[in-house]
Each structure stands twice: as C-alpha cells, then as structure tokens.
Amino acid sequence: MRISLVVAMDRRGGIGLRGGMPWHLGDDLRHFRRLTMGHHVLMGRVTYEATAGKLPGRQLIVLSRDPDFQPADAQVAGSLDAGIRLAAAAGEEELFIIGGGQIFAAALPLAARLYLTRVHAEVEADTFFPAFDEQEWRLVSQQDFAASERNDFDFSLMVFER
Ligand SMILES: NC(=O)c1ccc[n+]([C@@H]2O[C@H](COP(=O)([O-])OP(=O)(O)OC[C@H]3O[C@@H](n4cnc5c(N)ncnc54)[C@H](OP(=O)(O)O)[C@@H]3O)[C@@H](O)[C@H]2O)c1
C-alpha cells in the first residue's frame with residue numbers, strides 16, 4: 001500500500017488557522033475530491049471535526065487518543081500505525097493522509113508520495129507542515145492555477161515522489 005500525503009501550504013508552510021483553512025481554493029478542493037474519492041483517508045481528530053460531513057465517498061480513519069470519541073461515519077485508531085493497518089487490512093492500494101499539522105509531522109517520514117498544493121502567498125497561520133527537504137523528493141508533475149473568482153491566490157498542484 002502506498003502512503004501519500006495531501007497538503008496545501010503557503011510559502012512559509014502554513015496550513016491552518018483557528019481550526020480551519022486559511023484560504024478558499026475551489027480548484028484545489030475539486031482536485032482533492034477527485035484524487036481521494038473511493039479511497040481511505042486518514043486524519044487527526046481536529047481535521048475530522050473541521051471537515052465533518054464534507055468527505056462523502058471516502059472511508060474515513062480518524063486518529064484520536066480519546067476512547068469516548070466514536071463518530072458514526074469513521075473508524076477511529078489510537079495511533080498512526082494502527083490507522084495505517086486498518087487501511088492495509090481493507091485492501092487499500094493508496095492511503096491518503098490529509099492532515100492536520102500533528103498528523104503530517106508523524107506521517108511525513110512514512111510517505112512515498114506528496115501531493116503538494118503550493119499556495120503562492122504568505123498568510124496568517126497557526127498550524128504548519130513540518131520542515132521537509134525538497135532534495136529528497138523528485139517533482140513528477142506540476143500544474144499552475146491563477147487567482148480567480150474560485151481561487152483566493154495563485155497556486156501550483158505539485159506531485160513529489162521518493
Ligand atoms: N492545508 C491543509 O492541507 C490542511 C489539511 C488538514 C488540516 N488542515 C488544518 O490543520 C489544522 C488542524 O491541525 P492540528 O495539528 O491542529 O490537528 P490534527 O492533526 O488534525 O488533529 C490532532 C488530533 O489528532 C489526534 N492525534 C494526533 N496525533 C495522534 C497520535 N499519534 N495517535 C492518536 N491520535 C493522535 C489527537 O486527537 P484527540 O485530541 O482526540 O486525542 C489530536 O488532538 C486546522 O486548522 C485544519 O484546517 C490543513
């Protein structure tokens with residue numbers, strides 16, 4: 001099973017603000033939907049709360065250490081390894097790890113592919129993607145989008161592998 005990270009970050013690695021996203025990028029959301037549809041997606045409990053009900057058609061795995069956290073529409077795992085095992089046991093071929101900051105920090109060393117939406121701006125953020133060395137990765141594709149009615153900022157959809 002391939003382990004992939006999907007993240008949108010600004011020039012400084014900012015990914016979140018006050019529990020939500022610091023921008024609206026309609027074309028990125030559409031790309032995210034297409035990419036992840038039908039697959040297992042793994043996320044932290046905070047990201048689950050922020051996206052509740054917005055990820056139909058995907059099998060949700062949520063990491064939480066709270067034994068009382070039992071959402072109706074997701075499987076809960078108490079560790080990253082346990083969450084990955086749930087997807088592997090279900091026969092998943094590509095697991096998408098979709099955040100937030102805590103989960104990206106734990107999962108980055110395990111990822112073989114990185115779907116990176118690079119937002120060409122510097123925004124206010126309180127949650128960040130971990131530092132990563134682009135030298136370790138090979139850029140396999142890039143698609144550029146301009147700011148528009150649908151997208152707050154210019155951005156690039158980049159795919160890296162290692
Ligand atoms: N730009 C992007 O691509 C993107 C993507 C996703 C999210 N975000 C943003 O990121 C922010 C949320 O990120 P965050 O770092 O605050 O939270 P998070 O990573 O979404 O969730 C953190 C929670 O996950 C659980 N957890 C973390 N590590 C765990 C482990 N090793 N084992 C078991 N459970 C674990 C804990 O839940 P319990 O407290 O229940 O134990 C913890 O409170 C939001 O602003 C969101 O909008 C941005």
Side-chain angles (χ1 to χ4, degrees), residues 1-63 71 73-74 80 83-84 87 92-134 136-162:
M1 183 179 72
R2 174 184 288 130
I3 296 179
S4 299
L5 265 51
V6 191
V7 62
M9 74 171 90
D10 81 347
R11 289 196 187 113
R12 293 183 291 204
I15 65 164
L17 179 64
R18 292 186 274 278
M21 301 284 278
W23 44 66
H24 179 79
L25 301 171
D27 287 327
D28 185 46
L29 292 176
R30 196 168 59 169
H31 162 259
F32 176 86
R33 185 173 188 279
R34 280 201 197 132
L35 179 68
T36 58
M37 188 55 65
H39 290 273
H40 287 77
V41 295
L42 184 152
M43 73 202 90
R45 195 258 313 154
V46 175
T47 295
Y48 172 79
E49 309 275 3
T51 57
K54 293 184 190 159
L55 298 170
R58 282 140 286 192
Q59 287 80 49
L60 312 185
I61 300 173
V62 183
L63 295 198
D73 63 345
L80 180 59
I84 290 170
E92 179 60 73
E93 289 179 358
E94 183 169 14
L95 169 64
F96 294 95
I97 297 185
I98 63 166
Q102 292 184 29
I103 304 312
F104 286 140
L108 180 59
L110 306 177
R113 190 180 278 176
L114 180 58
Y115 297 91
L116 170 61
T117 299
R118 178 67 84 175
V119 182
H120 302 300
E122 293 183 6
V123 303
E124 184 188 358
D126 57 21
T127 312
F128 292 83
F129 195 75
F132 79 108
D133 182 0
E134 274 197 36
E136 286 177 18
W137 297 82
R138 184 169 49 91
L139 180 65
V140 293
S141 70
Q142 175 168 342
Q143 202 182 350
D144 299 321
F145 291 79
S148 68
E149 281 171 9
R150 291 194 306 279
N151 304 316
D152 286 350
F153 300 107
D154 294 350
F155 67 94
S156 300
L157 295 177
M158 307 168 86
V159 181
F160 291 92
E161 289 182 351
R162 68 173 170 194

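Given the structure is predicted, the values throughout are model-derived calculations rather than measurements. FYI, side chains are in, hydrogens and waters are out, and symmetry mates aren't considered; it's all heavy atoms of this structure.
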Any chance you could measure [X], atom [atom1], to [Y], atom [atom2], to the nearest 0.5 Å?
X      : Y      : atom1 : atom2 : value
His31  : Tyr115 : NE2   : OH    : 7.5 Å
Ser141 : Phe160 : OG    : CZ    : 9.5 Å
Glu136 : Leu108 : CD    : CG    : 8.0 Å
Arg11  : His120 : CZ    : NE2   : 7.5 Å
Tyr48  : Asp73  : OH    : CG    : 3.5 Å
Glu94  : Arg113 : CD    : CZ    : 5.0 Å

Contact summary for [X] and [Y], nearest pair of heavy atoms:
X      : Y      : answer
Leu110 : Ile3   : O-CB, 3.9 Å
Phe129 : Ile15  : N-CG2, 3.8 Å
Val123 : Pro22  : CG2-CB, 3.8 Å
Pro56  : Gly53  : CD-O, 4.1 Å
Asp144 : Ser156 : OD1-OG, 2.6 Å
Leu157 : Asp28  : CD2-OD1, 3.4 Å

Taking the side chain as everything from C-beta on, heavy atoms only, tell me whether [X] gets closer than 4.5 Å to [Y].
X      : Y      : value
Leu116 : Trp137 : no
Gln59  : His39  : no
Phe145 : Leu25  : no
Glu124 : Arg18  : yes

Audit row: Leu114, Met158, side-chain contact (heavy atoms from CB on, under 4.5 Å) steps and yes/no: CA-CA 8 Å; Leu114 180 58; Met158 307 168 86; over 6 Å; no
Checking [X] side chain against [Y] main chain: does a donor-acceptor pair fall under 3.5 Å?
X      : Y      : result
Arg162 : Ala111 : yes
Asp27  : Arg150 : no
Asp154 : Ala146 : no

Checking Leu42 against Leu80 for the side-chain contact (heavy atoms from CB on, under 4.5 Å) test, could you report, in this order, the C-alpha distance in whole Å, the side-chain angles of both residues, the deciding distance, and whether it holds? CA-CA 9 Å; Leu42 184 152; Leu80 180 59; 4.1 Å; yes
Listed partners of Glu134 passing side-chain hydrogen bond (donor to acceptor under 3.5 Å, both in side chains), at least two apart: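 Counting only residues at least two positions away or on another chain, Glu134 forms a side-chain hydrogen bond (donor to acceptor under 3.5 Å, both in side chains) with Arg118.
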Are there over 12 heavy-atom neighbours, none belonging to Arg33, within less than 6.0 Å of that residue's CZ?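 Result for CZ/Arg33: open.
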Which one of Leu55, Ile97, Ile61 satisfies the side-chain contact (heavy atoms from CB on, under 4.5 Å) criterion with Met43?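 Only match with Met43 under side-chain contact (heavy atoms from CB on, under 4.5 Å): Leu55.
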